[in-house]
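Here's the structure, in structure tokens; my notes come after.
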Amino acid sequence: MDFLNALVVLTNFVIVPGLAYGAQLAIGALGVTMIYGILRFSNFAHGDTMAFGTVATILFTWLFQSMGISFGPLPTALLALPFGIAVTGVLLLLTDRTVYRFYRQQKAKPVILVIVSLGVMFIMNGLTRFIIGVRDINFADGERFIITARQFKEATGLREGLALKTTQGITVVTALVVMVALFWFLNKTRTGKSMRAFSDNEDLALLSGINPERVVMVTWLIVAALATTAGVLYGLDKSFKAFTYFQLLLPIFAAAIVGGLGSPLGAIAGGFVVAFAEVAITYPLKKVLRYLLPENLEPDALVQLISTDYKFAVSFVILIIVLLFKPTGLFKGQSV
Amino acid sequence: MTQSMRAPLLFVLVAVLIIGTGFVQGWNSALTILNYGLISAIMALGVNLQWGFAGLFNVGIMGFVALGGLASVLMSMPPVKEAWSAGGLNIIFGLMIGAATIIGAVLAQTRLSGRVKLWATLAVLIVGFFAFRAVFDAGVVAVEAVNPASTGYLGGLNILDANWFSLLGWLFGGVLAAGAAWLIGKTALGLRSDYLAIATLGIAEIILAVLKNEDWLSRGVKNVVGLPRPVPYETDLQQDPGFVESAAGFGLDPVTASTLYTKLLYAGLFAIFLVILLWMAQRALNSPWGRMMRAIRDNEVAAEAMGKDVTARHLQIFILGSAICGIAGAMITTLDSTLTPTSYQPLRFTFLIWVMVIVGGSGNNFGAVLGGMLIWWLWVQVEPLGLMLMNGITAGMADGSALKAHLIESAAHMRLLTMGIILLLVLRFSPRGLVPER
């Protein structure tokens with residue numbers, strides 16, 4: 001029984017949040033890795049693209065709520081998500097037209113594109129703040145829990161409860177759908193195959209008659225979908241605040257690099273590695289150990305390896321370890 | 001307009017802008033802009049060293065600036081004796097255990113081989129970590145319990161309680177930032193350029209987290225206030241009959257005169273530092289070392305083939321540039337006379353500096369200084385200008401309409417938008433900046 005209780009505590013505080021956070025990071029990292037693979041630069045504006053997509057979705061959510069449309073037990077934001085993606089897609093295509101295309105034609109060095117993305121980041125951050133301000137916005141509605149802690153206790157008779165938030169369930173399911181759809185697209189469709197060819201060898205792809213502008217356009221649209229989805233899922237799970245999305249940039253980059261930049265599978269693996277490391281290392285293990293250890297060995301302290309305030313340090317340390325020992329990442333990305 | 005006339009004319013423009021601010025908005029705000037502009041110019045100089053000379057992409061400037069701020073506190077505040085006796089030894093000893101652990105792990109990595117290597121490293125790290133936490137945490141608890149409302153930290157090294165220690169703090173800011181830069185450069189230099197960017201982004205966030213949470217070191221979010229300063233205090237000046245008399249000679253009341261006087265003194269100090277650093281940077285740029293740097297920047301492969309150690313040179317210039325940012329960070333903290341960890345925002349302390357360097361002209365020291373002053377002026381003035389613009393746009397709308405209120409409210413966010421647009425426009429139409437590299 002004690003073992004089961006310990007397992008429930010661990011699931012409740014580490015595994016479930018880790019899964020949800022990992023799914024959010026994975027979708028975010030997929031966006032970064034797609035841009036890196038096709039357009040060949042690290043997009044520093046990605047965090048703010050996520051924020052912008054979320055803002056667009058929030059606006060549609062409010063519109064639907066005012067019209068009395070709801071999605072039953074699920075949050076209305078899921079209904080608004082496609083519209084948010086569309087708006088973000090338009091913005092990204094517009095950015096590509098006015099900003100990035102010029103440098104692509106110039107064959108500018110990647111680092112110039114990174115600086116350009118800094119400028120785009122400023123503008124998107126400004127736009128986000130301009131539209132919605134800097135307050136904390138909670139836009140999740142519908143049922144809050146799939147199972148509450150009390151229901152779980154009553155059903156199983158255990159001392160510890162396991163709560164499963166609706167947003168966590170939605171995050172994991174949506175992430176699965178997104179990943180399956182993306183891999184189907186990349187591996188089975190003509191456009192997807194041409195994108196992979198372009199990513200592997202640009203010159204050869206051009207010789208085979210692949211239209212680069214079309215590949216780039218499709219990439220931006222996919223990135224818009226990924227970024228908006230990641231942003232909305234994160235916002236539903238926690239809450240929306242303009243600048244937290246900028247801070248997500250570091251774990252997202254860490255995830256993409258850990259998996260190997262340019263490798264979609266790696267981005268997903270990296271997202272979960274970073275998320276679980278972050279949650280597990282900053283969670284106080286006292287409650288788990290209380291069930292597992294004999295009474296006289298029970299710890300007095302919280303047994304928290306490092307405080308939650310240093311969660312950035314976790315993704316950073318993982319990043320450094322990977323850079324030192326395996327610079328191409330777990331899944332052999334393009335990086336040298 | 002010839003190239004050689006361009007830079008002086010642009011500097012005259014900056015001077016006109018600041019003096020104009022003095023006439024329109026008062027001399028106090030003009031001098032404030034000038035002071036922060038001078039510090040920004042120093043930061044831009046440091047970043048220009050890294051980017052303009054060597055092509056290194058550092059997006060952790062905020063971290064080095066914050067370390068400078070910490071250094072300023074550590075040098076210029078008097079030590080808290082009770083805290084030192086309560087837990088100082090434990091903290092020092094704990095930090096030594098931490099350092100020994102890391103050194104031990106590195107040694108295990110380099111000296112051992114095979115399966116022993118992995119296990120030895122892990123064992124050293126795990127044992128070291130728990131020993132460190134046990135010794136260190138006890139010290140932290142003891143130190144933070146000492147009068148937490150006003151101290152609760154170890155204080156600084158200003159044993160003489162002398163005001164000139166704040167100048168030492170500026171130099172110490174450079175040293176501290178250089179140390180951090182060495183650590184980060186050792187790991188991330190020599191890999192792709194994007195990796196350095198992401199690594200520096202990470203280190204900046206970690207430095208900030210340390211400043212916010214290690215109360216024994218920096219009082220965390222409780223802020224350190226009342227830092228000693230190298231210039232006289234306004235209240236002392238106002239008591240000084242000689243000063244009041246000479247202020248009256250200029251037709252100024254003592255309060256205004258004293259604020260202007262201290263700000264002018266600060267401006268002089270910052271200007272001296274800026275000129276010295278600028279002179280050194282110019283000498284470096286035109287020396288064989290500078291030529292080698294630019295050769296490496298323009299073609300790493302060719303430079304390496306000529307026998308230049310690219311990674312070592314990159315590490316060198318990365319440390320130098322970061323140290324300059326650290327000095328500037330210490331200056332800001334002394335000028336504010338408070339260390340407020342929450343005030344360090346990447347958009348303000350990292351990306352704005354980048355805009356300064358790019359707009360001013362990367363690779364040209366005068367360009368960096370110009371960009372620093374000009375963009376800082378703009379950064380300050382965009383908000384009132386944006387508000388004016390919004391008031392103009394909304395003038396025709398009905399009072400109390402939601403849109404009008406929203407537009408006026410969001411004028412505060414015009415800054416980011418403007419800076420982004422300026423950066424993109426300069427990169428697109430004048431990628432070499434206002435004062436291009438020769």
[atom1]-[atom2] distance between [X] and [Y], expressed to the nearest 0.5 angstrom:
X: A:Leu118; Y: B:Trp354; atom1: CG; atom2: CH2; value: 8.0 Å
X: B:Leu424; Y: A:Phe102; atom1: CG; atom2: CZ; value: 12.0 Å
X: B:Lys186; Y: A:Ile320; atom1: NZ; atom2: CD1; value: 14.0 Å

Let me know if [X] has heavy atoms under 4.5 Å from chain A in its side chain, its backbone, both or neither.
X: B:Arg415; value: neither
X: B:Leu423; value: side chain
X: B:Glu214; value: both
X: B:Phe351; value: both
X: B:Val210; value: both

Does any backbone or side-chain atom of [X] lie under 4.5 Å from a heavy atom of chain B? Answer side chain, backbone, both or neither.
X: A:Met121; value: side chain
X: A:Leu319; value: side chain
X: A:Val116; value: both

Note: vs chain B, highest number of non-hydrogen pairs under 4.5 angstrom among A:Val134, A:Ile131, A:Ile112 is A:Ile131
Do any N or O atoms from the side chain of A:Tyr103 and from the backbone of B:Arg428 form a donor-acceptor pair under 3.5 angstrom?
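Confirmed, A:Tyr103 side chain pairs with B:Arg428 backbone.
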Considering all heavy atoms, the nearest [X]-[Y] contact:
X: A:Phe246; Y: B:Pro346; result: CE2-CG, 3.2 Å
X: A:Phe316; Y: B:Gly202; result: CD1-CA, 3.6 Å
X: A:Phe122; Y: B:Leu352; result: CZ-N, 4.0 Å

Which one wins on heavy-atom pair count under 4.5 Å against chain A: [options]?
options: B:Asp137, B:Ile422, B:Ile184, B:Ile206; value: B:Ile206
options: B:Ile421, B:Ile358, B:Leu417; value: B:Leu417
options: B:Val355, B:Leu201, B:Leu347; value: B:Leu347
options: B:Ile203, B:Ile198, B:Thr187; value: B:Ile198

Should B:Leu427 and A:Ile115 count as side-chain neighbours, where that means a heavy-atom distance under 4.5 Å?
yes
